[in-house]
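As structure tokens, the structure follows; a few thoughts come after it.
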Amino acid sequence: MTTDTTGTVARDDDPRRGPADSPFVRACRRRPVPHTPVWFMRQAGRSLPEYRQIRANVAMLESCRRPDLVTEITLQPVRRHGVDAAILFSDIVVPVAAAGVDLDIVPGTGPVVAEPVRTLDQVEKIRPITRDDVSYVDEAVRLLVAELGDTPLIGFAGAPFTLASYLVEGGPSRTHAKTKALMYGQPELWHALAGRLAEITLAFLRVQIDAGVSAVQLFDSWAGALSEADYRRFVLPHSAAVLAGLADAGVPRIHFGVGTGELLSTMGEAGADVVGVDWRTPLDVATGRIGPDRAVQGNLDPCVLLAPWPVVEAEVRRILEQGRAAPGHVFNLGHGVLPETDPDVLTRVVALVHELSAGPADQG
Ligand code: 1CP
């Protein structure tokens, strides 16, 4: 965030300053950066005591629908760690609930759906959403953009496969067996469901973009459960439709999944500007698979943050080094922050990434 209002500091003189010219957005666009930008998936909530305090008596879905709470929780990690981007506090099931699906987010479990999807009739009852269905998100984004100044806000949504998994399984699943059974056994029903979820996701991301977010991330957390051939046939067309629907929106699109080493090249084809990489694939190898036309995001193993500091430092150095092979690198974890993480370690990682990657600013 810039505090200089005199215009006498050279960098603040730049008329392009603002979130669109931040290190985070520049790295997403594969432009030169003054330092490697860093943020953490699931940085809001999870490990922060100030988050636990604010959530003590408020249910998860209710907190997502209260713009005052969303704003405060989203800002907490920015204040504490000095990360290069904020991510909206919400959940991937928020737009699905707005579309009429009866679900709850159960503490310690995750999303639980009252009547898991089995029929076309149920799919048709999941209605498309408009801004009015998620006006609280529109309002929260506007409040946040005003508060954040030059720090970019990332909007997000769940991708069709990951959302479908919760709707078909009825809750979190290790194998995604019911989802795959539906996909293989009733491909028409599968495509109807994934197509409807793609529509909802696109509308939800559009609301966030219209309200002012500087980038969006499509979370396909569980896509790594699929073979490349099945991903290509059952998932890629739907995720690609979401990403193509945002091509003219003017903000970078990030596409992320876990265990996607074998899918990285195909996920790149889906059309995002940045591909998220988990800790299993080194960033130089990932870049070889994804190609020179996309930036990468990642990929510190969240468990490393539980190790002694010298281990963390060595891993941060390795990842920055391997990230140099990419045409743009946003430092992040390979998946979300674990609740038991010491927040002070996150703050130290941000400072270390900035220190190690700072070089002469080349704005060419
Ligand atoms: O930084 C942030 O924390 C931003 C807010 C955020 C995001 C980006 C939350 C709050 N959820 C998400 C995305 C999300 N939700 C994903 C994609 C990212 C990922 O893979 O981690 C997924 C798969 C979910 C589904 C979900 N919601 C789970 C996972 C369950 C499973 O299948 O293992 C869980 C536990 C939730 C609940 C949830 N979402 C967010 C919070 C803070 C919580 C916990 C709430 C509570 O228990 O009270």
Side-chain angles (χ1 to χ4, degrees), residues 38-66 69-78 80-81 83 85-97 101 103-113 137 140-141 144 153-179 197 201 204-205 208 213 215-225 254-260 276-279 297-298 302 332-339 341 343 346:
V38 47
W39 69 281
F40 304 110
M41 287 183 279
R42 312 296 299 273
Q43 66 190 13
R46 289 284 177 108
S47 68
L48 299 187
E50 57 268 38
Y51 165 77
R52 293 202 189 108
Q53 200 185 346
I54 214 169
R55 280 284 324 282
N57 295 307
V58 193
M60 178 62 194
L61 274 178
E62 188 195 337
S63 64
C64 294
R65 291 174 182 144
R66 282 189 41 191
L69 293 188
V70 171
T71 305
E72 172 57 23
I73 296 170
T74 301
L75 291 172
Q76 285 175 347
V78 180
R80 198 191 245 265
H81 307 307
V83 280
I87 181 158
L88 181 72
F89 181 78
S90 186
D91 191 80
I92 58 168
V93 296
V94 163
V96 183
V101 175
L103 62 83
D104 197 9
I105 297 180
V106 177
T109 301
V112 174
V113 176
V137 169
V141 170
L144 276 163
L153 175 64
I154 304 169
F156 75 92
F161 176 77
T162 293
L163 286 177
S165 170
Y166 290 104
L167 296 191
V168 176
E169 305 290 335
S173 162
R174 200 171 51 80
T175 58
H176 311 280
K178 295 190 183 84
T179 313
L197 292 172
T201 289
F204 188 54
L205 290 173
Q208 297 175 56
V213 298
V216 290
Q217 177 154 327
L218 187 62
F219 279 97
D220 209 352
S221 302
W222 313 137
I254 308 169
H255 193 185
F256 166 79
V258 182
T260 54
V277 182
D278 83 0
W279 61 91
Q297 176 172 281
N332 205 314
L333 306 180
H335 197 187
V337 174
L338 296 168
T341 308
L346 293 172

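In what follows, residues are counted from 1 in the order of the sequence shown. Order of listing sets the numbers, starting from 1, for every ligand and every atom in it.
Within 4.0 Å of ligand 1, counting heavy atoms only, the contacting residues are Arg42, Gln43, Ala44, Tyr51, Arg55, Met60, Ile87, Leu88, Phe89, Ser90, Asp91, Ile92, Ile105, Pro107, Gly108, Thr109, Gly110, Pro111, Phe156, Tyr166, Pro172, Phe219, Ser221, Trp222, His335.
No side-chain heavy atom of Glu72 sits less than 4.5 Å from a side-chain heavy atom of Phe89. With a 4.5 Å cut-off on side-chain heavy atoms, Phe256 and His335 count as touching. Within the 4.5 Å cutoff, the side chain of Trp39 has no heavy atoms near those of the Val78 side chain.
With Trp222 as the partner, the side chain to side chain contact (heavy atoms under 4.5 Å, CB included) test is satisfied by one option alone out of Thr162, Leu163, Thr260, Thr179: Thr162.
Judged purely by atom type and a 3.5 angstrom limit, Thr201 uses its side chain to pair as donor or acceptor with the backbone of Gly158.
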Could you give the side-chain donor-acceptor pairs of residues 53-62 under 3.5 Å, partners two or more places apart or in another chain?
| unit_1 | atom_1 | unit_2 | atom_2 | d |
| --- | --- | --- | --- | --- |
| Arg55 | NE | Val58 | O | 3.0 |
| Arg55 | NH1 | Tyr51 | OH | 2.6 |
| Arg55 | NH2 | Val58 | O | 3.2 |

